[in-house]
Engineer: 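Here it is, the structure in full.
Naming convention: chains lettered A, B, ... in sequence-line order (proteins, then strands); numbering from 1 in each chain. Note that the structure is predicted; figures quoted are calculated from it, not measured.
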Amino acid sequence: MLFGLIALHAAAGLVVLVGARRLGRWGFVVGGTAPLAAALVALASAGAVLDGRSTTQRAGWVPQLGLTLDLRLDAFALLMVALVSGIGTLVFAYAWHYFAGSAYAGRAAGLLTLFAGSMLGVVLADNLLVLYGFWELTSITSYLLIGLHDDDRDARDGALHALLVTGLGGLAMLGGFVLLGHAAGTLQLSALLADPPSGGVVPVALVLVLLGAFTKSAQYPFHSWLPRAMVAPTPISAYLHSAAMVKAGVYLVARFAPAFADVGPWRPLVVGVGLVTMVAGGLRALRPFDLKQLLAFGTISQLGFLVVLFGLGRPEATAAACALLLAHALFKAALFMVVGIVDHAAHTRDLRRLPLLGAGWRATRAVALVSAASMAAIPPLAGFVAKEKAYAALVHGDATDRAILAVLVVGSMLTVAYSARFAAALWRPDLLVVPSEPRTTLDAGPRHGILAPALVLASATALLGLWPATWSRLVDGAANSLDPAAHAHLELWHGFNATLALSAITLAGGALIFALRRPVSALQARLAPRRSGVDAYDASVRGVLRGAGWVTSVVQSGSLPVYAGIILATAALAPLLAMVSGAWWPGWPDAIGRAGQIPAAGMLVAGATAATVATRRFAAALLLGVVGYGMALLFVVQGAPDLALTQFAVETLSVVVFLLVLRRLPDRFERESQPLLGRAARLAVSALVGVWVAVGAIAFSGARTAAPVSEEMVARSLPEGYGENVVNVILVDIRGLDTMGEITVLVAAGIGIAALARAGRPPRPRPERRSIREHREEVGA
Amino acid sequence: MNLLLVVTAAFLCACGTYLVLSRHLSRVIIGIGLLGHGVNVLLVLSGGDGGRPAFVGGDGGPVADPLPQALVLTAIVITFGVIAFLLALAYRSWRVTGNDEVEDDVEDRRIAREAHQGEPEAST
């Protein structure tokens, strides 16, 4: 069933992509069936799952390597499926309206469906490598979705930024997974978390895994891709960048925290990064004029909040985080949808140009107000219930807890302030900025039906706040499946206590920040760092490109002699250096073996010397033939008549081929133009190779311990190969396939030679470089 | 194993290397031929000091190791194939450029120049 759901997403997504042009925005109807089915399945199995009976499905993939496709639906996964598929279905409905008349509708629908399937895979996977696979699929589909308008440079750059950051984080995470899997002896997530490994590599592995989580969930200092990804059409932002993809990192922290929070670097790292992200993101959200940017930094801030709560790895905090996870997805997706609706109608989402919204916008503004109020944790909404829970988790703790709580309160004040800013943008934009030209008034409301999904979300926000019992069980089950000690009982009213006081302080502080918005923003403009995260990213990309250029210029000189020299010198030097240590010297061998070897060796050395120093091409080729015949002589002496015959025939043929080609080329070797590799370097490399060959020959022959395999070959030659000539039997019988390959090589070479010889243009005679024949013809004439 | 053949093999390989590092394709080809011969001497060496041809039967005295011989046979033929192919390349080079000199890759030199000027290509 779980496999079927993912397969349904894949199939629907591919169908929509293939028929993108024809389907247009109907693609959202076809593709939307997949998340709808997933949501319905989740709803149907909710009862059993919340009772603690998780559904597990597995299929062998490479069972020999312990790779199994495990999927598991426990209560926390159920909560995530509610976000991914439940909100996903609403986003599809919203996109159906949003993309009306857009040429990109079909492609967006197909990619969004594939993304929904990948995200479903991330939250259902019960195997680390399967999780990683789906994780990367979400990165890739999100890359394609952010860059949907592929003719827009900003979209392409933003998409690449997101892909590089999340992709590199994903690679680090894979490294962490491999280390963890190795330490635990299993790649199964549930088994790993039930019995967490310990030891030296575990902290390293966790830091790597956290890198993946931080980049995906846009935590500082990796956050800058998320605001940049806002170039994507708003339904995509609503889905990927509030409800689904950015929650993947939070999901990972949530899964791992109960098991690993006590391991060395976890708490300082996770809580520190989360707190910084929450406050810095909140501060940044007070500045942009673009409403989507405001929401993007607000999302970063809220993700930081979630990372802190889950990262603590404590039962009460985990339970609170589960509630906040759901509340955040509800209000943030609705807010994004509202921005998209306004953007569509007003053709701007810039605070300085935003029109005043008239009578037709009452419902839209109500949705925005309820959702923003939930974001600010104003009672009696879902956000308030969740935040009360978060404060309650920390208020009775030790000094560290109180310090964390203080930062959370500050971050929440900022949240209140930017929530107020968002609400003001739709109700009284002149409160925020008075434009030079008076604002127009937009009376005609949004297109019919486009508000419905956001209305559903806002109603849920209100309902869940007023009646916490509706989702108390879901949050309780989810927290409980993460940490058996975690229990949640959500209530709207806890009585007058410290938590309520903190909430009141938060609201008052946020209101104060909003009231003082002009001095605050002046101060922020003064103190803002001159270089943004995007600048840092751009600088690092430029640095990588410059480094790549430098490396290329060093290692890729473009000169064949240099390449060959480096290869040969390395081949000689590396083993020689390895032989510096170790007792390998077998002692000097005899000076001379058989007497017959002396004339053969003399012929070889003399021929080779002459061929090397020859200045005429013909002479060099003929001298190579001399060396070949010397080889034949040596083979005769060594007792290898087959070799001698072959060598003799091949050498004769070689000389003929040489002469056929060389007659076209000038008689003498010309001086070489700009030799990058000087004569001294060539001599040094040659000497090095010679030394290596000599030393290697002595060392390897001395290292021989086993009896030669050829003794058995001699013994089996006649009885099994039916041949008396052992060399022949080896070639055609024992190594028959090898000989077959050799023949193939020769045939391929022959075909290549024929093609090279026949192809091409007619020769271009040049006055300064004439062939010998031309020269002769000229002289003869 | 004897020093004479060890030195011969090393000398052939050194001469071959020197020629391979040349810019003239015909010299490179001759160098590859020499390297091939040098390696074949090494292979023969690995079979010991030789002996009677490796035929089954006969007087039963020590025979030469047949396995290196089989390897050398393969090597001779493959080296021939390589040399013939390279000669065809040299011929083609002459047809196109009028000589057999292997020139530096223009594109590589351009990249190196740009890297030194510190102007990497645009990222997209």
Engineer: For Y91(B), is it the side chain, the backbone, both or neither that has a heavy atom under 4.5 Å from a heavy atom of chain A?
Structural biologist: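 For Y91(B), backbone and side chain are both near chain A.
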Engineer: What residues form a salt bridge (Lys or Arg N to Asp or Glu O under 4.0 Å) with E712(A), not counting sequence neighbours?
Structural biologist: R716(A)
Engineer: With only heavy atoms counted, which part of L34(B) is less than 4.5 Å from chain A, the side chain, the backbone, both or neither?
Structural biologist: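 Both backbone and side chain of L34(B) come within 4.5 Å of chain A.
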Engineer: So which heavy atom on I30(B) is nearest to which on A621(A), and how close?
Structural biologist: CD1-N, 3.8 Å
Engineer: Nearest 0.5 angstrom please: L89(B) CG to I753(A) CD1, how far?
Structural biologist: 9.0 Å
Engineer: Quick one: does L731(A)'s side chain get under 4.5 Å of T74(B)'s, heavy atoms only?
Structural biologist: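 Of all side-chain heavy-atom pairs linking T74(B) with L731(A), at least one is under 4.5 Å.
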Engineer: Please find the pair of heavy atoms, one from R23(B) and one from P561(A), that lie closest to each other, and give the distance.
Structural biologist: CG-CG, 3.9 Å
Engineer: Is chain B contacted by the side chain of L623(A), its backbone, both, or neither, given a heavy-atom distance below 4.5 Å?
Structural biologist: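 It is neither, since no heavy atom gets under 4.5 Å.
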Engineer: Closest approach of L624(A) and G33(B), non-hydrogen atoms and distance?
Structural biologist: CD1-C, 4.1 Å
Engineer: Counting only heavy atoms not in F648(A) (residues, nucleotides, ligands), do more than 12 fall under 6.0 Å from its CZ?
Structural biologist: no
Engineer: Nearest 0.5 Å, what's the NE2-CZ distance between H24(B) and R668(A)?
Structural biologist: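 If we round to the nearest 0.5 Å, H24(B):NE2 and R668(A):CZ are 12.5 Å apart.
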Engineer: I734(A), T739(A), T609(A), L660(A): which one forms the most heavy-atom pairs within less than 4.5 Å of chain B?
Structural biologist: T609(A)
Engineer: Between P66(B) and V714(A), what is the shortest heavy-atom contact and its length?
Structural biologist: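 Looks like CG-CG2, 3.8 Å.
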Engineer: Distance check, rounded to the nearest 0.5 Å: L634(A) atom CG versus N40(B) atom CG?
Structural biologist: 10.0 Å
Engineer: Tell me, for L568(A) versus chain B, whether the close heavy atoms (under 4.5 Å) come from the side chain, the backbone, both or neither.
Structural biologist: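 Only the side chain of L568(A) comes within 4.5 Å of chain B.
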Engineer: Are L604(A) and H37(B) side-chain neighbours, meaning at least one heavy-atom pair lies under 4.5 Å?
Structural biologist: no
Engineer: In Å, rounded to the nearest 0.5 Å, how long is the span from CG of L67(B) to CD of E711(A)?
Structural biologist: 11.5 Å
Engineer: Mind ranking S654(A), G565(A), G750(A), G549(A) by heavy-atom pairs under 4.5 Å with chain B and telling me who comes out on top?
Structural biologist: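 Answer, by heavy-atom pair count under 4.5 Å with chain B: S654(A).
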Engineer: Side-chain contact, heavy-atom cut-off 4.5 Å: L756(A) with R95(B)?
Structural biologist: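 SC-SC contact between L756(A) and R95(B) ruled out.
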Engineer: Distance-only criterion, 3.5 Å: show the donor-acceptor pairs between side-chain atoms of residues 684-696 of chain A and protein atoms not counting sequence neighbours.
Structural biologist:
| unit_1 | atom_1 | unit_2 | atom_2 | d |
| --- | --- | --- | --- | --- |
| S686(A) | OG | R682(A) | O | 2.6 |
| S686(A) | OG | Y18(B) | N | 3.3 |

Engineer: Is Q638(A) reaching over with its side chain to a backbone N or O of Q69(B), donor-acceptor style, under 3.5 angstrom?
Structural biologist: no
Engineer: Could you check if a side-chain atom of V72(B) sits within less than 4.5 angstrom of a side-chain atom of F635(A), using non-hydrogen atoms only?
Structural biologist: yes
